[in-house]
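Notes to accompany the following structure.
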Amino acid sequence: MSIPEITIYNTLSRKKEIFEPLNTPNVGMYVCGPTVYGDPHLGHARAAIVFDVLFRLLTYLGYKVRYVRNITDVGHLENDADEGEDKIAKKARLEQLEPMEIVQKYTDSYHHSMDLLNIRHPSIEPRASGHIIEQIKMIQDIMDNGFAYEVNGSVYFDVVKYNSSNNYGKLSGRVLDELMENTRDLAGQEEKNNGVDFALWKKAQPEHIMKWPSPWSTGFPGWHLECSTMSSKYLGDYFDIHGGGMDLLFPHHECEIAQSQAANGKDPVKYWIHNNMITIDGQKMSKSLGNFITLDELFAGNHKLLSQAFNPNTIRFFILQAHYRGTLDFSDTALLGAEKGLSKLLNGIEQAKKIVATDSTTSDISKLKAECMKAISDDFNTPVLISHLFEAVRITNSVYAGEETISQGDLKTLNSIFEDFATEILGLIDDQNKQGNNLIDPLMNLIIDIRQESRANKDFATSDKIRDVLSELNITTKDEDGGTTWTYDG
RNA sequence: GGUCGCGUGGCCGAGUGGCUUAGGCACUGGUCUGCAAAACCAGUUACAGCGGUUCGAAUCCGCUCGCGACCUCCA
């Protein structure tokens with residue numbers, strides 16, 4: 001079996017590494033999903049799209065991937081409150097709903113947006129609330145191994161003790177002594193032996209409504225535990241890939257490593273992959289800063305920074321035009337540019353299905369395809385891949401315009417470039433133009449016919465009127481040698 | 001304060017030692033068109049500043065300036 005080699009930037013080593021699965025051709029991949037207490041925003045889209053492309057790439061290459069992406073529906077503690085309070089519970093109180101109603105609402109919202117963005121469903125989408133028993137078991141294991149202690153019904157991870165035999169900070173590059181000096185004094189931490197310790201189980205306050213029984217108290221699991229528990233349950237104690245946003249690097253992922261190591265005695269992950277943030281005016285777009293734009297607002301054009309609505313496919317393309325490890329600056333004009341570029345690409349893909357082959361080829365199509373593979377294999381360099389796709393579009397259009405020629409074999413290769421890289425791996429399907437309609441198509445044919453007749457009769461007043469009205473309906477007509485074609489742009 | 005990262009042309013955004021014309025958007029000129037649209041061809045604007053290493057640096061090193069991320073929930 002020969003699978004093309006790819007490289008991945010591993011946060012653990014801070015280098016690009018050749019990807020070698022632990023158990024070829026199987027690949028286990030875990031990605032931190034959303035905490036479902038609010039509408040999904042552009043940041044969620046980026047993480048989901050980046051790892052969707054990785055999932056698609058690995059599948060395309062022939063790997064058998066089990067992709068696990070969790071739903072956090074238990075909520076995390078908020079330390080800015082006087083007492084620790086569950087994020088979801090807090091939101092529930094504000095909206096006078098059951099916590100699980102909130103969870104349902106925002107899970108549905110997330111799924112809906114992800115579907116619009118053409119993101120493939122993960123193999124397993126486990127929920128924290130459905131794995132309380134496993135989490136309790138893991139806490140017990142960590143306690144049995146001596147790396148956790150109980151105080152007043154809450155259980156804390158003993159970071160200092162763990163660090164004496166392990167390296168706490170190996171992922172994020174932190175040194176425990178420095179962390180201890182710099183850790184802020186936060187309220188509600190008096191139970192901990194040390195400020196750097198973190199909760200594995202938290203006893204619920206009376207007003208706390210999301211809670212479960214445990215050997216220590218009626219309460220809820222700690223911030224980082226679910227990912228350790230669910231990843232090991234579905235992927236094993238040592239698996240290939242763990243992904244998530246860069247903001248989760250510390251403390252979340254660092255703590256995951258510590259928990260798994262303390263419970264199972266194994267470093268859990270071979271390749272850690274982190275996507276960078278989306279910025280707005282140079283600043284991170286985030287829930288806490290309140291400068292986020294939800295996906296619904298983007299799709300509806302319903303935000304003060306937006307001049308219009310944007311197709312989900314445009315959002316996807318916009319995100320893939322930047323490398324996943326760099327920040328991506330959001331703006332209306334950048335999105336407008338992406339919309340135009342995507343349209344050019346999609347038109348090219350359609351055009352490539354229509355062009356006619358001849359005996360010879362003027363461009364090296366095989367080389368172009370190899371360069372596409374090289375780009376996506378090099379730490380998923382989607383912007384470079386896209387630049388090659390535009391070269392393929394340029395060739396396509398030149399052949400159509402009669403400036404270049406292409407052989408039958410190369411034409412097949414050209415179409416396979418679009419099929420493999422644009423559709424299969426990047427997931428940039430053209431869902432708008434493809435859907436035929438039993439009523440609209442004959443109607444449009446009639447209208448186009450009438451316009452053609454008036455043009456033939458030099459009745460340009462009529463033909464232009466048809467074109468102008470159609471244009472107002474976002475239908476673009478193009479008069480080409482072989483007749484008039486039309487496209488509908490949302 | 002600690003740790004880490006970034007600064008590319010009008011905008012977005014790749015590249016990281018020697019011609020990359022990266023690519024997209026915008027703009028200008030040309031071809032095509034009844035006029036358009038689309039497309040093709042051509043053109044324009046660049047590597048924050050200073051110093052160093054090198055035959056050669058946007059790319060390596062140092063300093064300066066500016067910006068950001070993490071250190072508290074966040075994709």
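Every chain is numbered from 1 and lettered A, B, ... according to where its sequence line falls, protein lines coming before strand lines.
When the options A:Phe198, A:Phe157, A:Phe250 are evaluated for a ring pair (Phe, Tyr, Trp, His ring centres under 6.0 Å) with A:His224, the one that passes is A:Phe198.
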Provide a list of protein-nucleic acid N or O atom pairs under 3.5 angstrom, restricted to nucleotides 24-27 of chain B.
unit_1	atom_1	unit_2	atom_2	d
B:A26	OP1	A:Lys340	NZ	2.8

Under 3.5 Å, which N/O atoms of the protein pair with N/O atoms of nucleotides 31-34 of chain B?
unit_1	atom_1	unit_2	atom_2	d
B:G34	O6	A:Arg455	NE	3.3
B:G34	N1	A:Asp464	OD1	3.0
B:G34	N2	A:Asp464	OD2	2.8

Between the protein and nucleotides 3-9 of chain B, list every N/O to N/O distance that falls short of 3.5 Å.
none

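For A:Ser387, counting side-chain heavy atoms from C-beta on, the closest listed nucleotide (B:C12, B:A22, B:A14) is B:A22. In this structure, the nucleotide among B:G13, B:A75, B:G23 sitting nearest to the side chain of A:Asn275 is B:A75.
In this view, A:Phe55 and A:Tyr67 satisfy the ring-ring contact (aromatic ring centres under 6.0 Å, His included) rule, not counting sequence neighbours. Every residue meeting the side chain to side chain donor-acceptor pair (under 3.5 Å) condition with A:Thr362, not counting sequence neighbours, appears here in chain and number order: A:Glu404. Looking at residues two or more places apart in sequence or on another chain, you find a side chain to side chain donor-acceptor pair (under 3.5 Å) between A:His111 and A:Glu125. Applying the side chain to side chain donor-acceptor pair (under 3.5 Å) criterion to A:Asp115, with sequence neighbours excluded, gives A:His121. Every residue was checked against the salt bridge (Lys or Arg N to Asp or Glu O under 4.0 Å) condition with A:Lys340, not counting sequence neighbours, and none meets it. Applying the ring-ring contact (aromatic ring centres under 6.0 Å, His included) criterion to A:Phe310, with sequence neighbours excluded, gives no partner residue. Shown here are the side chain to side chain donor-acceptor pair (under 3.5 Å) partners of A:Thr229, two or more places apart in sequence or in another chain: there are none.
Within a heavy-atom distance below 4.0 Å of RNA chain B, the residues of residues 240-247 of chain A found are A:Gly244, A:Gly245, A:Asp247.
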Could you summarise the pairing of RNA chain B as dot-bracket text, marking Watson-Crick and G-U pairs under 3.5 Å with ( ) or [ ] inside the strand and | across strands? (((((((..(((.(...[.)..))).(((((.......)))))....(((((..]....))))))))))))....
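Checked by atom type, the side-chain pair A:Tyr324/A:Asp379 shows a donor-acceptor distance below 3.5 Å.
Taking 4.0 angstrom as the limit, A:Asn381 places none of its side-chain polar atoms (N or O) nearer than this to OP1 or OP2 of B:A14. A sub-4.0 Å separation between OP1 or OP2 of B:A38 and a side-chain N or O of A:Asn347 is absent.
Contacts of A:His41 with the nucleic acid, taken as non-hydrogen atoms under 4.0 Å apart, include base atoms. Counting any heavy atom pair closer than 4.0 Å across all strands shown, A:Ser331 reaches no nucleic acid atom.
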